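All ligand and atom numbering here is 1-based and tracks the order in the structure. Here the structure is a predicted model, which is why all the values come from computation and not from measurement.
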Amino acid sequence: MGQFGNLPEGSGRKQVAREIYDGLKGQIASGAYGPGALLPSTRALAAELDVSRTTVTAVYEQLLAEGFLETRQGGKTRVSSALARPVSSVTRRTSRSQPARLSGYGRRIADLPAPPSSPAGKLVADFRYGDLTAADFPTLPWKRALNAAMLRRPQRLRYGDPRGAHELRAALQNYLWRARSLRCDAEQIIVVNGSQQGIDLCARLLLDPADRFVIEDPCYAMARQVFISAGGVPVPVEVDQEGMRTDRLAKIDDARLCYVTPSHQFPLGSVMSAARRQELLAWARRTGATIVEDDYDSEYRYDIRPIEPLQTAGGDEHVIYLGTVSKTLSPMLRLGYLVVPDTLRDAFMRAKQLTDRHTPALEQDALADLVASGAYERHVRKARRRNGERRTALLEALAARLGDSVTVVGADAGLHVVVWFNDIPRRREEALIRKGQSSGLGLYPVTPLYGASAVAYRPDRAGLVVGYAGLDAREIRRGVDGLARVLKSLTGKDR
Ligand SMILES: Cc1ncc(COP(=O)(O)O)c(C=O)c1O
């Protein structure tokens, strides 16, 4: 290696320069600074590392001379674009040190199956459930609300209320009453980073390792996995056209918690009947279990009237209600809310505070504006209309191209349907998905949503969870055309 230009010998500066040189070269080798990446200016890096600018300049010149860096017009220093990308950006373990030991929680997480991933590259149609179309996002109202929130920023920046900003909780309390006939006090609302954090807080506060929890089967896998990670033992209860089979609860006396999606069962789409709601609430009162009511997509009803939440139907002491803007605005915002019984308010507030202090304040303020001004509900009406059109396109295409070779369930509400393939046995579900992927289709199996795949109530057919909110009508039709071709190649039948 060179001598770092004119840096004086023996002053310690050459040693400092060598350390910086080694560090930068390591970053380049690992890919942290890839080919063409912009480096900080010598002034900025010198200030950052608290060394003289001459030292940093000498290092940059050395790396330039060796061909690791280049300067283009404008004098900015970049990693040479001629460098090959490193094979792996993962830093290899060089020492023989012991790896970190996972806690029981960590080990349980490590044992969980990974969620299905989207195939790489541009797809003809990706039916991934949970995605929304970016063009549906209310960009202008959101920008206005964010700007207004910025202008309202107080003089002093400080942590906010762990339960969430009062303005947002008050706006949500009103909204929940208007939209869901839900009566609560703003003090019962806790703003969280999406439903997922709400579910996680419920697990931490209500379950001890080895405690049993009741969960719909099939269910939202991300909820089941949270409860299992907390050490909970699942008690799966089958689902039919009226939602969870609450008659199965009679023999379960020792569960601490029950997670349900009564307004639109995930993934099968049934609505829990009034009789079962009463049975579920009576069970919770009798056993002291807490019901976690996930109302994740109640804004989207097409052929059915809104159903009042369990929380309203006399269950406010035993029900934690969970809502989110992930289906109405964006899953990337990470904004949701819990309505908790009075007796649990303080515990949830403290747990939220210990987890992350509070949900980011600016976005909370913007959402408060949107909800209080009525812009949120105007947007929800628009989103419902657009998603209703996508749903129609999907159902029409499925009927036209696949006819009675499929059974579609759960289309009355929400942003997805479940499609059962009447001529394909369950053991070929994987093959269906792989064939679809090789034709540019993002397809997602229903099997991982069942606790155990070999249960009597699970149809012995291949099934897909088909999300449509991230696609336009043309993509939906193309996707269903592709699916029809895949089906033909698997069954040899035209339909
Ligand atoms: C049943 C259910 N609950 C909640 C959510 C949303 O979670 P979050 O608010 O964390 O984005 C989803 C999203 O896919 C869901 O399917």
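The nearest protein atom to atom 5 (C) of ligand 1, hydrogens excluded, is given as Y220 OH, 3.6 Å; this is a heavy-atom distance. Closest to atom 3 (N) of ligand 1 among all protein heavy atoms lies D294 OD2, 2.6 Å.
Residue contacts with ligand 1, taken as heavy atom pairs separated by less than 4.0 Å, involve S195 via backbone and side-chain atoms alike. Contacts of M222 with ligand 1, taken as heavy-atom pairs under 4.0 Å, are absent altogether. The part of K327 lying near ligand 1 is the side chain, judged by heavy-atom distances below 4.0 Å. Under 4.0 angstrom from ligand 1, the non-hydrogen atoms of Y259 all belong to its side chain.
Ring orientation note: the planes of W142 and F137 are nearly perpendicular, at an angle over 60° on the 30°/60° scale. Ring orientation note: the planes of H264 and H416 are tilted relative to one another, at an angle of 30° to 60°.
The cationic atom of R357 (NZ for Lys, CZ for Arg) lies less than 6.0 Å from the six-membered ring centre of Y159 and within 45° of the ring axis. For R384 and Y300, the positive end is not near the middle of the six-membered ring at less than 6.0 Å and at most 45° from its axis.
Judged purely by distance below 3.5 Å, without hydrogens or angles, the side chains of D294 and Y259 pair a donor atom with an acceptor atom.
Here atom 11 (O) of ligand 1 lies nearest to S326 when heavy atoms of G323, P331, S326 are compared.
Of all atoms in ligand 1, listed by their number and element, those nearer than 4.0 Å to a heavy atom of R334 are 8 (P), 10 (O), 11 (O). Of all atoms in ligand 1, listed by their number and element, those nearer than 4.0 Å to a heavy atom of G194 are 9 (O), 10 (O).
A 6.0 Å sphere centred on CZ of R350 holds no more than 12 heavy atoms belonging to other residues, nucleotides or ligands.
When ring centroids are compared, Y175 and Y376 come within the 6.0 Å threshold.
Distances between N or O atoms of T324 and those of ligand 1 include at least one value under 3.5 Å. Of the polar atoms of N193, none of the N or O atoms is found under 3.5 Å from an N or O of ligand 1, judged by distance alone.
Judged by distance alone, the side chain of Q173 and the main-chain N or O of C184 form a donor-acceptor pair under 3.5 Å.
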